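Note sheet for the following structure.
In this text the structure is predicted, and so the values were computed from the model without any measurement.
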Amino acid sequence: MLASLRRNPVNMFEKLLIANRGEIAVRVIRAAREMGIPTVAVYSDCDRLGLHVRMADEAYRLGPSPSTESYLNLERIIEIAQSSHADAIHPGYGFLSENPEFPRRCLAAGICFVGPGASAMQRMGGKVEARKTALEAKVPIVPGTEVPLQDEEQALRIAHQIGFPVLIKAAAGGGGKGMRYVETPGQLSSAFRDAQSEANAAFGDSEVYLEKYLNSPRHIEFQILADRYGNMVHLGERECSIQRRHQKVVEECPSPMMTDELRRRMGDAAVKVASACGYENAGTVEFLVDSENDFYFLEMNTRLQVEHPITEMVTGIDLVKEQLKLAWGEKLSFGQQDVQWQGSAMECRIYAEDPQNDFFPSPGRILRLNSPSGPGVRDDSGIYEGWNVPIYYDPLLSKLIVWGKDRNETMGRMKRALSEYQISGIKTNLPFFKWILAQEAFIAGRLSTDFIERHYSPGDSKKDPPVLQDMAVMAAALHASFQGPSNARGTKEDESPWKLRGRMNGMRNR
């Protein structure tokens, strides 16, 4: 990096450690570099050659590849921050980002945690406590329990009161873990036990609670920013209804169903919830919206979201830079009346997984990588050609984000960008997104959390639409004309013993 950037010109942090990996670590490094803040990367053994390691000013080994011995090793992260003289830590998302012990340890060590305080994180991290907080703020919640369930009998009694079907959910959970759908009373007993067992395995906490199941709702979340002086704004909504197994795969902003009045009411509700827990920094308040456009508080994510770039694209506000400024102690430099939304943005999460094999993870070496570009296209990536995708972590490779003047232009631009995206050597879910964008219901904006369940079967993404097939044939012909006979080696390498061995390891670690 240029010597002029070595010393922070804005008198902010002297050095920032990013306690994460992959695309989010790269994203934070870029923001910090633009602000003149030197960065420290941490890595596990399998990430030694990771893109975030290459880009940071300094990098230090955490430990072996399993996350429990590396990215979840809080003691080691604090130790590296101290020895490298980093005075701030950005947690990214996942791993330790929502562990209230992290900001506590940072505070004790005299290190600034770029995120909310431990109290707000703990209060909103527990789903039952978060529901209580929403009720205190007079924000509607999905009907259900306000305390963890004591036993199956209590669960059955409450389920009869609110009416089947219901959801049993992990009190400490997220991402669909510890969640069970219960359609009839006879299914509740086994679902209760299964949810408890899975919750305990995933979060070390077996407490579960009950919610009324809403039929085909939309999942809408609101981005908020808050400083330590009581100022808070929302940056509008993100439509996150396209989900697979309760994991978001496509997000867009604004939501196709949103009106100015509904945005105002939901934005006000999001701010009320965040204010009720004394929130600071960036966070997201999530809602379910039914067919009558009635909304209900779902949960709050006390960190930066995977899908934050689409909000950046339509507001022009860099959320990572705002996080750093707020953590440093600056006041919000704008009010709610200053937030404006321009155009439309959409994000597809590109995973190393095989849609034809139940989306099974596909680790291995990336033999060829051509990323899309052009007007309105942004690719937040943590990979490069020749990189080995490890089997130890979430298989997210990159986030493909596009912007257009309206939703129609955005969809057309996303289709074009997907057709340009080429990754070989591993399987990816790129064909899956091409299928989604070709669906009449998606084009019309008729979205819901069960969209994929209702519309998709594994064979649907096996073949690209005809136009994309033609483009692929032409690309293959051009490639062959330049590569000659050596092109045949790529097919054999795709099925290398190393890759097959990696997949078997992945099966054992599921």
Side-chain angles (χ1 to χ4, degrees), residues 165 167 174-177 179-181 183 213-221 238-253 255-257 286 288-291 298 306-307 310 346-362 372 394-402 407-408 410-423 426-469 471-472 503 506-507 510:
L167 288 175
K177 294 182 176 65
M179 181 187 296
R180 291 294 183 274
Y181 170 75
E183 191 169 12
Y213 176 76
L214 299 182
N215 186 39
S216 299
R218 299 178 90 111
H219 187 143
I220 307 291
E221 64 185 27
R238 294 186 288 254
E239 170 84 60
C240 303
S241 298
I242 304 299
Q243 302 178 7
R244 191 182 68 81
R245 296 174 183 168
H246 309 290
Q247 293 280 0
K248 305 163 190 172
V249 292
V250 179
E251 300 98 352
E252 59 181 297
C253 176
S255 166
M257 55 79 70
E286 308 203 356
L288 293 179
V289 184
D290 65 19
S291 58
L298 179 63
V306 178
E307 57 273 16
I310 55 175
M346 186 176 294
E347 174 182 296
C348 291
R349 302 188 186 189
I350 312 302
Y351 284 98
E353 59 186 17
D354 184 1
Q356 296 305 306
N357 186 22
D358 196 28
F359 294 89
F360 195 71
S362 177
D394 184 277
L396 179 68
L397 302 175
S398 68
K399 302 180 312 197
L400 179 58
I401 307 115
V402 303
R407 189 170 187 264
N408 284 336
T410 297
M411 286 190 291
R413 188 160 281 165
M414 181 60 82
K415 290 177 183 178
R416 186 266 294 173
L418 288 168
S419 72
E420 292 179 8
Y421 218 140
Q422 297 177 11
I423 306 176
I426 59 173
K427 299 286 187 180
T428 73
N429 60 347
L430 284 167
F432 180 55
F433 294 116
K434 296 171 185 176
W435 172 84
I436 289 175
L437 267 75
Q439 300 309 298
E440 180 182 346
F442 184 87
I443 295 169
R446 298 194 301 270
L447 313 180
S448 62
T449 56
D450 61 352
F451 180 95
I452 292 173
E453 284 179 38
R454 290 189 291 110
H455 294 279
Y456 182 74
S457 61
D460 289 336
S461 61
K462 189 171 185 178
K463 293 183 179 180
D464 287 334
V467 173
L468 297 178
Q469 289 182 34
M471 292 177 66
R503 286 181 175 170
M507 290 178 68
R510 287 195 82 183

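- D394 has its side chain within reach of Y351: a pair of non-hydrogen atoms, C-beta onward, lies under 4.5 Å apart.
- For the residue pair P217 and L214, the shortest heavy atom distance occurs at CD-O, 3.1 Å.
- With sequence neighbours excluded, no residue satisfies side chain to side chain donor-acceptor pair (under 3.5 Å) with N357.
- No side-chain donor-acceptor contact under 3.5 Å links K399 to the backbone of E347.
- Not counting sequence neighbours, the partners of Y213 by the ring pair (Phe, Tyr, Trp, His ring centres under 6.0 Å) test are Y181.
- Residues R454 and S216 are in side-chain contact: their nearest non-hydrogen atoms beyond the backbone lie under 4.5 Å apart.
- The side-chain contact (heavy atoms from CB on, under 4.5 Å) test with E239 singles out one residue from E307, E251, R218, and that residue is R218.
- The shortest distance between side-chain heavy atoms of V250 and L447 does not fall below 4.5 Å.
- Taking the side chain as every heavy atom from C-beta outward, S241 and H219 approach each other to under 4.5 Å.
- With sequence neighbours excluded, no residue forms a side chain to side chain donor-acceptor pair (under 3.5 Å) with T428.
- R407 is linked by a side chain to side chain donor-acceptor pair (under 3.5 Å) to E252, counting only residues two or more places apart in sequence or in another chain.
- In this structure, F442 and M411 have side chains that are in contact, with non-hydrogen atoms separated by less than 4.5 Å.
- Every ring pair (Phe, Tyr, Trp, His ring centres under 6.0 Å) that F451 has, sequence neighbours left out, goes to H455.
- Here the side chains of F359 and F432 are in contact, with some heavy-atom distance below 4.5 Å.
- The side chain to side chain donor-acceptor pair (under 3.5 Å) test applied to R238 returns E221, Q223, T284, T311, not counting sequence neighbours.
- Here the shortest heavy-atom pairing between N429 and P355 reads CA-CG, 3.7 Å.
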